[in-house]
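A short worksheet on the structure shown next.
Below, chain A is the first sequence line, B the second, and so on; all start at residue 1.
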Amino acid sequence: METVLKIKALKGFKDILPDEVILWKYIEDAARDIFQRFNFSEIRLPILEKTDLFARSIGEATDIVEKEMYTFVDKQVTMRPEATASLIRAYIEHGLYVHKPVQRLFTIGPMFRHERPQKGRLRQFHQMDIEVLGSENPLVDAELMGMAAMLFTELNISVSLELNSLGCPQCRPPYRARLLSFIESRLDALCEDCRRRSTTNPLRILDCKKDHCRQQVEDAPSVLAHLCPDCDAHFQAVQNGLQHLDVDYSLNKFMVRGLDYYCRTTFEFVTSDLGAQSAVCAGGRYDGLIEKLGGPGKAGIGFAMGIERLVLLLQQQEKSAADPDLDLFVIGLGEEGGKLGYGLVHEMRKGRCRVTMDHEGRSLKSQMKQANKAGSRYVLIIGDNELASGKGILKNMATQQQQDVELDSSVLAERVSAS
RNA sequence: GUGAAUGUAGCUCAGUAGGUUAGAGCAUCUGGUUGUGGCCCAGAAGGUCGGGAGUUCGAUCCUCCUCAUUCACCCCA
């Protein structure tokens, strides 16, 4: 192949080739099916939004907003790094809360973050995003986690659920201050990253991967022990809900969220099969966010699943899905046979048959091979003899039996779909 | 932004202590007697050995630079 100019996909951007698309559709179909069972409605959102929307929701000081967004600076617009902000924007913009006090919505699509790619992490990646807007009932929290767990079960993916609560604007500041004073007393023992975190995001220190840091924060004050009565009651109710639904979980008081807007319930479904990326699904409650974005003072909760990560997990268990078989492969020999086949194929497609033919004028043998490779259940041969007799040869590829058949699209369609 | 590893055919990979036409498997194409697939056999096609400079009589191999990919850190689904 002669290449004049070698153009490749951008770093961190990936083509999803036909074989893999089958797996993607399998996952998305399973997910849509479950979301519908839980009475969620699909919403489709733009990929480009005002930069300000993300800055205000995700947090000005987060890494995502500070250095990972794809922004057209001159136009003040940004490719979405996540979906929640857009979804809430649409919720407010269209006054969805007026029609139905509690909205249950999901959306599926690409997100963009300018990070260094690695396993399970791309610059354009895809998420399924599920949100319940307008309810602060803890039963909803548990129901959502139950739904995610159900999807993992149906996909036969094994993950574990980790749960935590981050408290609310009432109880988090005092806790944060307490944690900070605990950390300050042993700042010298912490790693360089953690010393930086102590000023940027102290909660992150609890999450550090380094052993010696972990030891230092082993008996740091726990968020869960410092929840206000309301948050504590909410958290208890979430756990009761999970138990009621038979959803296994474990508490992880070190689990922190990267986005500013989370409060109260946070959770992650994690796996050890994705290298450094353990989270397959993560989410939590964001009760003040809608109001912050100019909407009514309503609560919200949601989660996102990384589709690439699900695909990786399914590929690891050698899960493969195949395209459905072809009904018929038509072989038209010679100019006349080809012409007749060409029209026949089109007519049969109108009749909802999955049928194809070769247009390159190749040998019968070669076309038989193609038909076999394509997984066609039947082959129709139209050569000079068949043109003379007015009947084609229909061969069943599995049984090898072949018989004469009228060269009529509806007759063929019936013969081919009968078995 | 930081660190490490890896770049040889469409894919997965051999290889040369520096030496003439760089290999295999899979995939592709054509055949194995007139018009019949899978298995088997034969043959063909496919590579500027990532790119550039240097050392050398000679570099895919050694040195330097560069680009790309991957994994990890940071951060995150």
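- Remark: C1' of B:U69 and CZ of A:Phe13 are 16 Å apart, rounded to the nearest angstrom.
- Residue contacts shown for A:Ile331 are absent, as no nucleic acid heavy atom lies under 4.0 Å away.
- Under 3.5 Å, the side chain of A:Gln402 and the base of B:U36 form at least one donor-acceptor pair of N or O atoms.
- Rounding to whole angstrom units, CD of residue A:Gln370 and P of B:C29 are separated by 7 Å.
- A:Lys119 comes within 4.0 angstrom of the backbone, heavy atoms only, and of no base.
- Taking the ring centroids of A:Phe329 and A:Tyr378, they lie at or beyond the 6.0 Å cut-off.
- Whole-Å rounding puts the A:Asn396 CG to B:G38 C1' distance at 14 Å.
- Against RNA chain B, the stretch residues 49-58 of chain A makes no heavy-atom approach under 4.0 Å.
- Using a 4.0 Å heavy-atom cutoff across all strands shown, A:Ala282 reaches sugar-phosphate atoms only and no base atom.
- If you check every strand for non-hydrogen atoms under 4.0 Å, A:Arg123 touches nothing.
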Each base of RNA chain B marked ( ) or [ ] if paired in-strand (Watson-Crick or G-U under 3.5 Å), | if paired to another strand and . if unpaired gives (((((((..((((.....[...)))).(((((.......))))).....(((((..]....))))))))))))....
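- For A:Lys391 and A:Glu406, the salt-bridge test fails: no basic side-chain N is under 4.0 Å from an acidic carboxylate O.
- In this entry the distance linking CE of A:Met397 with P of B:G38 reads 9 Å, nearest Å.
- A:Gly120 comes within 4.0 angstrom of a base, heavy atoms only.
- Within the cation-pi definition used here (under 6.0 Å to the ring centroid, within 45° of the axis), A:Arg104 qualifies as a partner of A:Phe40.
- The residue A:Gln400 sits close to a base: some heavy atom pair falls under 4.0 Å.
- Contact annotation for A:Leu122: base contact, defined as any heavy-atom pair under 4.0 Å involving a base atom.
- Whole-Å rounding puts the A:Arg113 CZ to B:G1 P distance at 19 Å.
- Among the protein residues, A:Val379 comes within range of no part of the nucleic acid, since none of its heavy atoms lies under 4.0 Å from any strand.
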Atom pairs under 3.5 Å: protein N/O with N/O of nucleotides 65-68 of chain B:
| unit_1 | atom_1 | unit_2 | atom_2 | d |
| --- | --- | --- | --- | --- |
| B:A68 | O2' | A:Lys8 | NZ | 3.1 |

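- Taking atom CZ of residue A:Arg362 and atom P of nucleotide B:G35, one finds them 17 Å apart after rounding to whole Å.
- Straight-line distance between the C1' atoms of B:C49 and B:C62: roughly 16 Å, to the nearest whole Å.
- The distance from atom CE of A:Met368 to atom P of B:U30 is 15 Å, rounded to the nearest whole Å.
- At a threshold of 4.0 angstrom between heavy atoms, the contacts of A:Glu386 include nucleobase atoms, whether or not backbone atoms are also involved.
- Using a 4.0 Å heavy-atom distance criterion, A:Asp129 is classed as making no nucleic acid contact.
- Taking the ring axis of A:Phe54 as reference, the NZ or CZ atom of A:Arg56 does not stay both within 45° of it and closer than 6.0 Å to the ring centre.
- For the pair A:Gln367 and B:U36, the criterion of a side-chain N or O lying under 4.0 Å from OP1 or OP2 is not met.
- Comparing the same atom, P, in B:U66 and in B:A5 gives a spacing of 16 Å after rounding to whole Å.
- Contacts of A:Met305 with the nucleic acid, taken as non-hydrogen atoms under 4.0 Å apart, are absent.
- Side-chain atoms of A:Lys395 come within donor-acceptor range of the base of B:U36, with a qualifying N/O pair under 3.5 Å.
- Atom name P, nucleotides B:G7 and B:G50: the rounded distance is 8 Å, in whole Å.
- Within the nucleic acid shown, A:Ile381 comes within 4.0 Å of at least one base atom, counting heavy atoms only.
- Applying the 3.5 Å distance criterion, the base of B:C75 shares a donor-acceptor pair with the side chain of A:Arg121.
- The CD atom of A:Gln124 lies 4.0 Å from the CZ atom of A:Phe112; values are rounded to the nearest 0.5 Å.
- Residue A:Lys369 contributes atom NZ, which lies 8 Å from atom C1' of B:G37 at whole-angstrom precision.
- Among the atoms of the strands shown, only primed sugar atoms or phosphate atoms (P, OP1, OP2) are found under 4.0 Å from some heavy atom of A:Ser366.
- When atom types are taken as modelled, the side chain of A:Arg172 and the backbone of A:Leu166 share a donor-acceptor pair closer than 3.5 angstrom.
- Contact of A:Asp384 with B:G35 (side chain to base): no donor-acceptor pair of N or O atoms is detected under 3.5 Å.
- Here the separation of B:A53 from B:A22, taken at their C1' atoms, is 24 Å to the nearest Å.
- B:A59 sits 15 Å from B:G51 when the C1' atoms are compared, rounded to a whole Å.
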